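Lettering follows sequence order; numbering is per chain, from 1. All of these numbers come straight from a predicted model, not from anything done at the bench.
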2 protein chains.
Amino acid sequence: MAEKTISAVPKGQKSQFAVPYYEISYDKFFQFGVSVDCVVFGYHENRLKILLIKRGAAPFMGMWALPGDLVYPNENIDVAAQRILRDLTGIDNLFMEQTKVYGQVDRHPAGRVITTGYYSLIDIAKHDPHASAWADGVYWMDLDEVPKLAFDHSDILKDALQILQQRVRHQPVGFELLPEKFALADLQALYEAILNESYDKANFRKRILSMNLLISLKENQKDVPHRPARLYKFDKQRYDELIAKGFSFEL
Amino acid sequence: MAEKTISAVPKGQKSQFAVPYYEISYDKFFQFGVSVDCVVFGYHENRLKILLIKRGAAPFMGMWALPGDLVYPNENIDVAAQRILRDLTGIDNLFMEQTKVYGQVDRHPAGRVITTGYYSLIDIAKHDPHASAWADGVYWMDLDEVPKLAFDHSDILKDALQILQQRVRHQPVGFELLPEKFALADLQALYEAILNESYDKANFRKRILSMNLLISLKENQKDVPHRPARLYKFDKQRYDELIAKGFSFEL
DNA sequence: TAACTTTTGGTAAAAATGACATTAAGTATC
DNA sequence: GATACTTAATGTCATTTTTACCAAAAGTTA
C-alpha cells in the first residue's frame with residue numbers, strides 16, 4: 001500500500017482540510033450553533049425524576065424542555081454543561097457525562113444547531129434547584145409523567161435513560177443519587193426504580209456487600225416505625241483501587 | 001413547586017432561547033464549524049487495524065490523522081459520517097456509531113470546530129479502500145503501531161477503541177469484521193485481538209454456539225494444513241428475534 | 001499407514017446464582 | 001414490662017453456570 005496522494009476528499013471536490021487553514025472559507029462552513037442539553041436525573045421517595053424547564057419564548061413556547069443553552073464561542077462544551085447545571089442547582093463539579101450528539105439539519109427552527117446531550121445524577125434532597133439563579137420555572141417531574149418535549153428533547157431524554165440504565169449496571173454511578181449515608185434497602189430501591197426490575201432482598205445485599213465497596217457506619221436509620229437498618233457509605237477510594245487492579249463493577 | 005418565571009439562564013444574562021428565535025444573534029453564536037472523524041476498524045490475519053490518512057496540508061501537514069471532514073451546513077451529521085466512509089471505501093450503509101463529541105476550544109487551529117467521533121467495523125478483505133476516490137493516502141495501520149496523530153485524534157482513537165471493546169462484549173458487532181463465512185476459531189481470534197485476552201477454545205465454542213446465533217454451513221475451511229473447521233455464518237434474523245424477546249448478548 | 005494437528009464433544013470440580021427459611025433487633029401496643 | 005409486629009440480617013441448599021481439562025474424531029502430510 002504505497003502512498004500516492006494526500007487528498008482528504010473525493011477527487012474533484014474541494015477539501016476543507018487539504019488547503020492551508022487560513023484559506024478556509026469561514027462563511028460557508030463556520031455557521032453552526034452548538035448547544036448542550038442536560039438530562040438531570042434525581043431520585044426521591046422511590047421515584048426517578050427529571051429536571052425540566054417550561055419554555056417561555058418561541059420556539060416551542062409553553063412546552064416543557066430539557067435545560068440547555070448555546071455554547072459560547074470561547075467555551076469548552078464540557079464547561080458549558082457544567083455551567084448550565086451550576087446555574088440550575090448552584091453546585092459545581094457535578095458528575096456529568098455525554099450521551100449523544102444530535103445533528104439533524106432541521107432539529108432547531110432558529111438555524112443549524114448541533115446539540116450534545118449530557119446526563120447527570122443528583123440527590124434531590126441535597127440540591128434544591130429552587131435555591132439557584134435558575135430557580136424559577138424549573139421542576140422535578142416524575143419520569144413516567146413526562147409529556148412530549150420541545151425540539152428533539154424527547155429523543156434526548158429517551159437515549160439518556162437508556163444510557164443511564166446501562167451505566168448503572170456496570171459502574172457505581174447510582175450512588176450519586178443517594179444521600180451520603182444510606183441503607184441497603186435504599187440502594188436496592190434506587191436500582192429497582194432505575195431499571196424497573198425487582199431483586200431478592202437477601203441476595204441483593206450479599207452481592208453488593210461482597211464487592212467490598214461499602215463502608216459500614218456505626219449508625220442506624222432514624223425515625224422508622226420498625227427496626228432501623230444499618231447505614232453505609234460508598235468507599236470511593238477503595239473503588240478506584242479495585243478498578244486499577246482490573247476489577248469491574250457489575251449490577 | 002410553583003412556576004414563577006421561565007428564564008433559561010441566570011438572571012441578568014441574556015438567554016439565547018428566551019427571546020423570539022428571529023432575534024438570535026447569528027454572528028456571535030453561529031460561528032462554529034462542525035466535523036466528523038471516523039475511526040474505522042478493520043481486521044486481518046489476527047490483527048486489529050485502523051484506517052488512517054496522511055495529511056498533506058496545514059495544519060498538521062505530514063502527520064497521520066483519522067479520516068474526517070467538515071459537515072455541510074445542510075447535511076445531517078450521521079449522513080456526513082456515511083459520506084466520508086463511502087468516499088473512503090466505496091461502500092454505502094456501513095455500520096457506524098457515534099463515540100463522543102470533542103469540543104475543546106483550541107482543538108482545531110483553524111477556528112472553533114466541534115467534532116464527533118464515529119466508529120465503524122469492516123472486513124478488510126471485502127472493502128479495499130484503494131478502490132475508492134480516497135484511495136490515495138489511505139492506509140490500514142496496525143493498532144499498536146499507530147503514532148501520535150494530528151489534532152486530538154489520538155484521544156478520539158483511544159476512546160473509540162474503548163467503546164469498541166465494550167460493545168463487542170454486549171452486542172454481536174464483531175461479526176462485521178469477519179467474512180460472511182468463518183470458522184469458530186476465527187471468531188475467537190477476533191475477540192482475542194479486540195479485547196486482548198485469551199479464552200479456552202472448547203469453552204468459547206460452547207458459549208457462542210449455545211446462543212444459537214450461528215448457522216452451521218455444510219462447508220469447511222479450505223487450504224489449511226490440518227483438519228479443516230466447519231464454517232458458520234451469523235444469523236441476523238434470529239438475533240433480531242431474540243432481542244425482541246429480551247435476550248441480551250454477552251461476551 | 002502412521003504421525004501430526006486442530007476440531008469437536010464430553011466430564012467433573014468449582015463457583016455463582018436464586019429461592020426461601022430462620023433468627024435478630026428494633027418499634028408500637030396494651 | 002410483656003407481647004405483637006415489622007423489617008433487618010444471616011444462613012441453607014438446590015440449581016445453574018463457569019472453568020479447567022481430557023479424549024476421541026477428522027482431516028492433512030509424509
Side-chain angles (χ1 to χ4, degrees), chain A residues 45-46 168-170 172 178-179 181-193 195-235 242 245-251, chain B residues 45-46 168-170 172 178-179 181-193 195-235 242 245-251:
Chain A
E45 288 173 351
N46 288 12
V168 96
R169 284 207 144 90
H170 302 287
L178 290 175
K181 305 169 178 184
F182 53 85
L184 288 177
D186 297 334
L187 186 63
Q188 180 175 352
L190 170 63
Y191 272 87
E192 294 183 340
L195 297 170
N196 42 266
E197 296 187 45
S198 60
Y199 303 101
D200 178 273
K201 197 194 280 198
N203 294 336
F204 180 86
R205 162 187 215 82
K206 271 182 286 185
R207 166 170 248 148
I208 294 289
L209 288 179
S210 72
M211 296 187 206
N212 279 104
L213 289 174
L214 298 187
I215 297 173
S216 170
L217 303 173
K218 293 183 179 58
E219 200 180 336
N220 289 349
Q221 280 181 321
K222 295 247 162 27
D223 299 321
V224 285
H226 53 74
R227 172 180 176 185
R230 172 52 48 97
L231 296 179
Y232 292 84
K233 70 174 185 182
F234 179 63
D235 190 345
L242 287 174
K245 285 184 197 156
F247 164 84
S248 91
F249 183 89
E250 190 88 25
L251 182 91
Chain B
E45 287 172 351
N46 289 12
V168 95
R169 283 209 145 89
H170 302 288
L178 291 175
K181 305 170 179 181
F182 53 86
L184 287 177
D186 297 335
L187 186 63
Q188 180 175 351
L190 169 63
Y191 273 87
E192 293 183 340
L195 297 171
N196 45 270
E197 297 187 45
S198 60
Y199 303 101
D200 178 273
K201 196 193 281 198
N203 293 337
F204 180 87
R205 162 189 215 79
K206 270 181 288 185
R207 166 171 246 146
I208 295 288
L209 288 179
S210 72
M211 297 187 205
N212 278 106
L213 289 175
L214 298 187
I215 297 173
S216 170
L217 303 173
K218 293 184 179 56
E219 199 180 337
N220 288 350
Q221 279 180 320
K222 295 249 162 29
D223 301 319
V224 284
H226 53 74
R227 174 181 175 185
R230 173 50 50 96
L231 296 178
Y232 292 84
K233 69 175 187 183
F234 179 63
D235 190 344
L242 286 173
K245 285 184 196 156
F247 164 83
S248 91
F249 184 90
E250 190 87 25
L251 185 88

Euclidean distance, atom [atom1] of residue [X] to atom [atom2] of [N] [Å, nearest integer]:
X         : N       : atom1 : atom2 : value
Tyr199(A) : dG18(C) : OH    : C1'   : 14 Å
Asn203(B) : dT8(C)  : CG    : P     : 15 Å
Arg207(A) : dA15(C) : CZ    : P     : 17 Å
Leu209(A) : dA9(D)  : CG    : P     : 9 Å
Leu231(A) : dA25(C) : CG    : C1'   : 15 Å
Ile208(B) : dT18(D) : CD1   : C1'   : 15 Å
Phe204(B) : dG9(C)  : CZ    : P     : 15 Å
Arg205(B) : dT6(C)  : CZ    : P     : 15 Å

Whether Arg230(A) side chain and Ala183(A) backbone form a donor-acceptor pair below 3.5 Å: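 A pair under 3.5 Å: no.
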
Whether Gln188(B) side chain and Tyr199(B) backbone form a donor-acceptor pair below 3.5 Å: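 Judged by distance alone, yes, a pair lies under 3.5 Å.
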
Does the side chain of [Y] come within less than 4.5 Å of [X]'s, by heavy atoms?
X         : Y         : value
Leu178(A) : Leu190(A) : yes
Asp186(B) : Asn46(B)  : no
Leu195(B) : Val168(B) : yes
Tyr232(B) : Lys181(B) : no

Dot-bracket pairing map - DNA chain C, Watson-Crick plus G-U, both contacts under 3.5 Å, | cross-strand: ||||||||||||||||||||||||||||||

Along DNA chain D (nearest heavy atom to each residue), the more 5'-positioned of Lys206(A) and Ala229(A):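 Closer to the 5' end of DNA chain D: Ala229(A).
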
Pairwise distance CG(Leu187(B)) to CZ(Phe204(B)) - rounded to 0.5 angstrom: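 Reported to 0.5 Å precision, the distance equals 4.0 Å.
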
Worked verdict on Phe182(B) versus Leu231(B) for side chain to side chain contact (heavy atoms under 4.5 Å, CB included): CA-CA 5 Å; Phe182(B) 53 86; Leu231(B) 296 178; 5.6 Å; no

Test: Glu250(A) and Arg169(A) ion pair at under 4.0 Å: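 Not counted as a salt bridge, because no side-chain N and carboxylate O are separated by less than 4.0 Å.
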
Check: Lys222(A) side chain, dT27(C) base, donor-acceptor under 3.5 Å: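 Absent.
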
Letter per nucleotide, 5' to 3', of nucleotides 24-30 of chain D [B base touched, S only sugar-phosphate touched, - untouched; heavy atoms, 4.0 Å]: -BBBSS-

Sugar-phosphate only, base, or nothing, as touched by Ala202(A) at under 4.0 Å among non-hydrogen atoms: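 Result for Ala202(A) = base.
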
